[in-house]
Number of protein chains: 2
Amino acid sequence: MANLDSIFHALSDCTRRAVVQQLTGGPASVKTLAEPHAMALPTFLKHLQVLEACDLIVTRKTGRVRTCALQPETAQAAEHWLSTQRGLWERRLDRLDSFLTAQTPKDPDDAAQS
Amino acid sequence: MANLDSIFHALSDCTRRAVVQQLTGGPASVKTLAEPHAMALPTFLKHLQVLEACDLIVTRKTGRVRTCALQPETAQAAEHWLSTQRGLWERRLDRLDSFLTAQTPKDPDDAAQS
DNA sequence: AGGATACTTACCCATATGGCTAACCTTGAT
DNA sequence: ATCAAGGTTAGCCATATGGGTAAGTATCCT
């Protein structure tokens with residue numbers, strides 16, 4: 001299992017997320033996966049390599065066809081990190097609230113400062 | 001709310017995930033957040049800007065101190081995408097299984113082909 | 001007023017990323 | 001044997017990213 005850095009990075013690209021989505025419908029060949037995307041095959045292959053490098057997908061070549069499939073456990077690692085954070089901050093929402101309400105009244109031109 | 005591209009990208013960096021984790025303990029100043037990280041302040045500020053650009057955090061400047069806080073809803077967007085995908089592929093795990101088992105027996109030297 | 005504190009801006013740099021084309025290698029079909 | 005199909009490799013290019021330094025601004029403290 002790769003680290004969160006590479007998993008989140010892999011998911012930060014629209015093309016790669018689309019591939020993941022496509023694969024939720026079952027395994028598919030490189031050609032099939034590439035078709036919806038308007039880019040050269042070698043370019044698309046690099047995306048698949050990014051997905052495979054962090055174990056979001058597995059691939060296997062049979063004859064001249066390489067078939068790709070999801071490795072759901074990897075995405076779960078990312079999901080787990082997110083839900084853990086949410087679990088932590090939900091217990092602190094009171095603090096966030098007090099932070100927001102404490103500042104708002106005395107700072108009307110706040111928008112100009114971001 | 002920013003798009004998934006920028007949210008996942010923001011989370012793909014170890015420093016930025018650490019900031020998110022730190023902020024689950026409540027709002028904090030830039031200085032406080034920067035301390036654990038061995039890098040120049042301007043460099044660290046860029047990380048905060050990435051987090052703020054995709055709305056994972058909110059910041060507010062009071063006097064000379066800028067305070068940062070989480071915006072949990074944004075992270076939930078990422079979590080939601082992941083859990084949606086998982087929901088989809090869990091209904092297809094049978095297909096994944098048949099894919100894996102169909103190939104394994106007749107391809108013992110598979111490891112060499114990745 | 002003057003110095004310290006807490007950012008903030010401007011700018012530089014090396015590497016990574018996403019895109020391309022051209023050419024190559026297997027495998028399957030005729 | 002030859003040709004088409006499906007990848008794959010190699011190499012080029014522009015931009016983005018993560019890191020740094022130097023100098024500036026705005027507050028707060030004394």
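Just so it is clear, the structure is predicted and the values come from calculations on it, not from any experiment. Each chain gets a letter, A, B and so on, in the order its sequence line appears, and its residues count up from 1.
Counting only residues at least two apart or in different chains, ring pair (Phe, Tyr, Trp, His ring centres under 6.0 Å) contacts with residues 13-33 of chain B are absent. Counting only residues at least two apart or in different chains, salt bridge (Lys or Arg N to Asp or Glu O under 4.0 Å) contacts with residues 39-51 of chain B are absent.
Looking only at distances, a side-chain donor or acceptor of T74(B) sits under 3.5 Å from a matching main-chain atom of D55(B).
The nearest whole Å value for the distance from the CG atom in L11(B) to the P atom in dG18(D) is 12 Å. For the pair L45(B) CG and dA10(C) P, the interatomic distance rounds to 13 Å; values are reported in whole Å. Computed from coordinates, the F44(B) CZ to dG20(D) P distance equals 12 Å when rounded to whole Å. Rounded to whole Å, the distance from NZ on K31(B) to P on dA4(C) is 14 Å. Remark: P of dG18(C) and CZ of R17(A) are 12 Å apart, rounded to the nearest angstrom. Following rounding to the nearest Å, Q49(A) (CD) and dT9(D) (P) show an atom-to-atom distance of 7 Å. To the nearest angstrom, C1' of dT27(D) lies 14 Å from CZ of R66(B). Atom pair M39(B):CE and dG19(D):P shows a separation of 4 Å (rounding to whole Å applied).
For dG18(D), the base has no donor-acceptor partner in the side chain of T43(B) [N/O atoms by modelled type, under 3.5 angstrom].
No option in L70(B), L56(B), L51(B) other than L70(B) meets the side-chain contact (heavy atoms from CB on, under 4.5 Å) test with L23(B).
Side-chain atoms of I7(A) and W81(A), non-hydrogen and from C-beta on, never get closer than 4.5 Å to each other. You'll find the side chain of S83(B) reaches within 4.5 Å of the side chain of E79(A), heavy atoms only.
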For residues 29-37 of chain B, dump all side-chain donor-acceptor pairs below 3.5 Å to protein atoms at least two apart in sequence or in another chain.
| unit_1 | atom_1 | unit_2 | atom_2 | d |
| --- | --- | --- | --- | --- |
| S29(B) | OG | T32(B) | N | 3.2 |
| S29(B) | OG | T32(B) | OG1 | 2.8 |

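OP1 and OP2 of dC20(C) both lie 4.0 Å or more from every side-chain N or O belonging to K46(A). Using a 4.0 Å cut-off, some side-chain N or O of K61(B) falls inside it from OP1 or OP2 of dT8(C).
Of the N and O atoms on the side chains of R66(B) and T59(B), at least one donor lies less than 3.5 Å from an acceptor on the other residue.
Between V30(A) and A40(B), it is V30(A) whose nearest contact on DNA chain D lies nearer the 5' terminus. Across the interface with DNA chain C, nearest-nucleotide mapping of L41(A) and V50(A) shows V50(A) to be the residue nearer the 5′ end.
R16(A) pairs by the salt bridge (Lys or Arg N to Asp or Glu O under 4.0 Å) definition with nothing, not counting sequence neighbours.
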Table of protein N/O atoms under 3.5 Å from nucleotides 13-17 of chain C N/O atoms:
none

Pick out the pairs of N or O atoms, protein on one side and nucleotides 22-26 of chain C on the other, that lie under 3.5 Å.
none

